[in-house]
Amino acid sequence: MSARPFVSRLSDEELDLLLSRSLDGDLSPEEEHGLETILAHDPAAAHRKEELQRLVAEARALPAPAPPFALATRVNSNGSEKAGRGGSVFHRLGFYPPPGMAVGAMALLGIVAVAIAVLRPSPMRRVEGPVDVFLTEGAKS
Amino acid sequence: MTASAYPYTGERDWPGDERALSRFFSGDILGFEQIVRHYSTMVFSLAARLVGPTEAEDVVQETFLRAYHGLGNFRGESSLKTWLYAIALNRARARHGTLGRLRAIFTPGRAREGDPFASLDDAADPGSTPEENVVLKERRTRLRAAIRALPEEFRAAVLLRDLEGLSYDEVAQVLSIPIGTVRSRLARGRALLREKLS
């Protein structure tokens, strides 16, 4: 951080802030006058301002990206479609799964459900053995 | 906002924010469609500068979908313009967060390779020589790359103020920060750009 030789209290950051605000017309007349005085006595600061001025002018001259054809039409048609369907839940989160993925996910769930049902061990069947028969016969008599 | 030619689209049937909103709130979907037609180019511009033109349309779609669902909560404390910009900025940021990375996994075919900003092509200046146009294009490419390389908080301020042309007040509303912070972030962002490009 270097102090300006003319005004020892002004740091590079403070000068940058003044220059930036000056480019946006955000300085009061008094502040603008003070800045001009600094620039008149500090060639490095004046050079800094010129570079910043050129940079901001170039940034402002950057052409805006051209939107694709019929963007608004697509947004409107997609918006009204998604807003009315359950899929809008996903779309609110920014997920736009392709239709095949949704079908695939459901198929996978179905397979898992079937697999669980088939592979789940069946409950133990009580097999009648001699003791059971004995007890049953005993109960009958 | 009065009905007048809008600099982005030149449309002349724009009734203004209030009338479009009032139409929408009265149950007429055409009100929202007017809002989309009026602001989609503006939102696309910011989105393309943040995520590249290829993914920008997705950001635009998400922005207006969120806006559609959120308009009921719009209090008019900010303008519709800055409100939409704020949503677009959040949607663009989300694409680079955890949710965005998950989204990239579960939406195959949307993965992009190479520089997503490569297609931001500048039209040649008809008043310049081919050599001048090459130099101009190179400078613009370097400038865009330098802006993208800025820390996020400074990049947003520079994009909104210098590239999108918002006022300090509007930038403050979009970013939900005080105007003093807008000033300092802008100054710091511009200084970093100057250091990088000089």
Side-chain angles (χ1 to χ4, degrees), chain A residues 12-27 47-84 87-98 100-102 105, chain B residues 8-9 29 32-33 36-42 44-45 47-49 53 56-58 60-66 68-69 91 94-95 99-100 102-103 106-110 120 122-123 139-140 143-144 147 158 161-165 167-168 183-184 186-191 193-194 197-198:
Chain A
D12 282 350
E13 286 75 21
E14 287 166 333
L15 176 62
D16 284 336
L17 182 59
L18 282 176
L19 292 175
S20 178
R21 289 179 59 203
S22 172
L23 288 176
D24 292 328
D26 189 49
L27 292 181
H47 179 66
R48 204 176 180 101
K49 181 189 173 180
E50 281 170 16
E51 284 187 328
L52 195 64
Q53 212 160 19
R54 187 168 52 243
L55 170 72
V56 170
E58 285 180 1
R60 289 177 179 174
L62 282 175
F69 176 70
L71 172 65
T73 302
R74 279 195 299 285
V75 171
N76 275 325
S77 65
N78 284 346
S80 57
E81 185 184 318
K82 287 170 185 170
S88 65
V89 171
F90 288 106
H91 299 151
R92 287 182 209 191
L93 296 175
F95 285 89
Y96 296 96
M101 179 173 286
Chain B
Y8 270 100
T9 63
I29 192 64
F32 188 76
E33 290 181 0
V36 170
R37 275 201 304 275
H38 188 66
Y39 287 112
S40 56
T41 302
M42 172 197 89
F44 180 84
S45 173
R49 286 175 163 146
E57 182 163 347
D58 288 346
V60 173
Q61 297 275 7
E62 291 170 27
T63 297
F64 283 105
L65 194 60
R66 293 233 163 188
Y68 180 87
H69 289 289
R91 291 291 88 218
R95 295 188 85 79
L99 200 61
L102 279 173
R103 189 185 298 119
F106 288 104
T107 52
R110 290 179 180 277
L120 271 176
D122 291 315
R139 284 185 67 83
R140 286 178 169 175
L143 177 56
R144 286 197 187 99
I147 291 171
V158 170
R161 172 72 186 135
D162 289 331
L163 276 67
E164 294 295 315
S167 67
Y168 278 13
R183 290 189 180 106
S184 59
L186 203 46
R188 188 72 188 123
R190 287 166 171 172
L193 284 175
R194 190 189 60 78
L197 295 171
S198 61

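Just so you know, these numbers come straight off a predicted model, no measurement behind them.
A salt bridge links A/Asp16 with A/Arg48: the distance from a Lys NZ or Arg NE/NH1/NH2 to an Asp or Glu carboxylate oxygen falls below 4.0 Å.
With values rounded to the nearest 0.5 angstrom, B/Arg139 atom CZ is found 7.5 Å from B/Leu197 atom CG.
In terms of heavy-atom pairs under 4.5 Å with chain B, the best-connected choice from A/Leu18, A/Thr73, A/Asp26 is A/Asp26.
Contact annotation for B/Leu193: both backbone and side-chain heavy atoms come within less than 4.5 Å of a heavy atom of chain A. Interface remark: B/Leu143 contributes side-chain atoms only to the contact with chain A (heavy atom separation under 4.5 Å).
Under a cut-off of 6.0 angstrom, the local environment of CZ in A/Arg60 is crowded, with over 12 non-hydrogen atoms contributed by other residues, nucleotides or ligands.
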Go through A/Asp24 and B/Tyr168 one step at a time and tell me if the side-chain hydrogen bond (donor to acceptor under 3.5 Å, both in side chains) criterion holds. CA-CA 9 Å; A/Asp24 292 328; B/Tyr168 278 13; 2.5 Å; yes
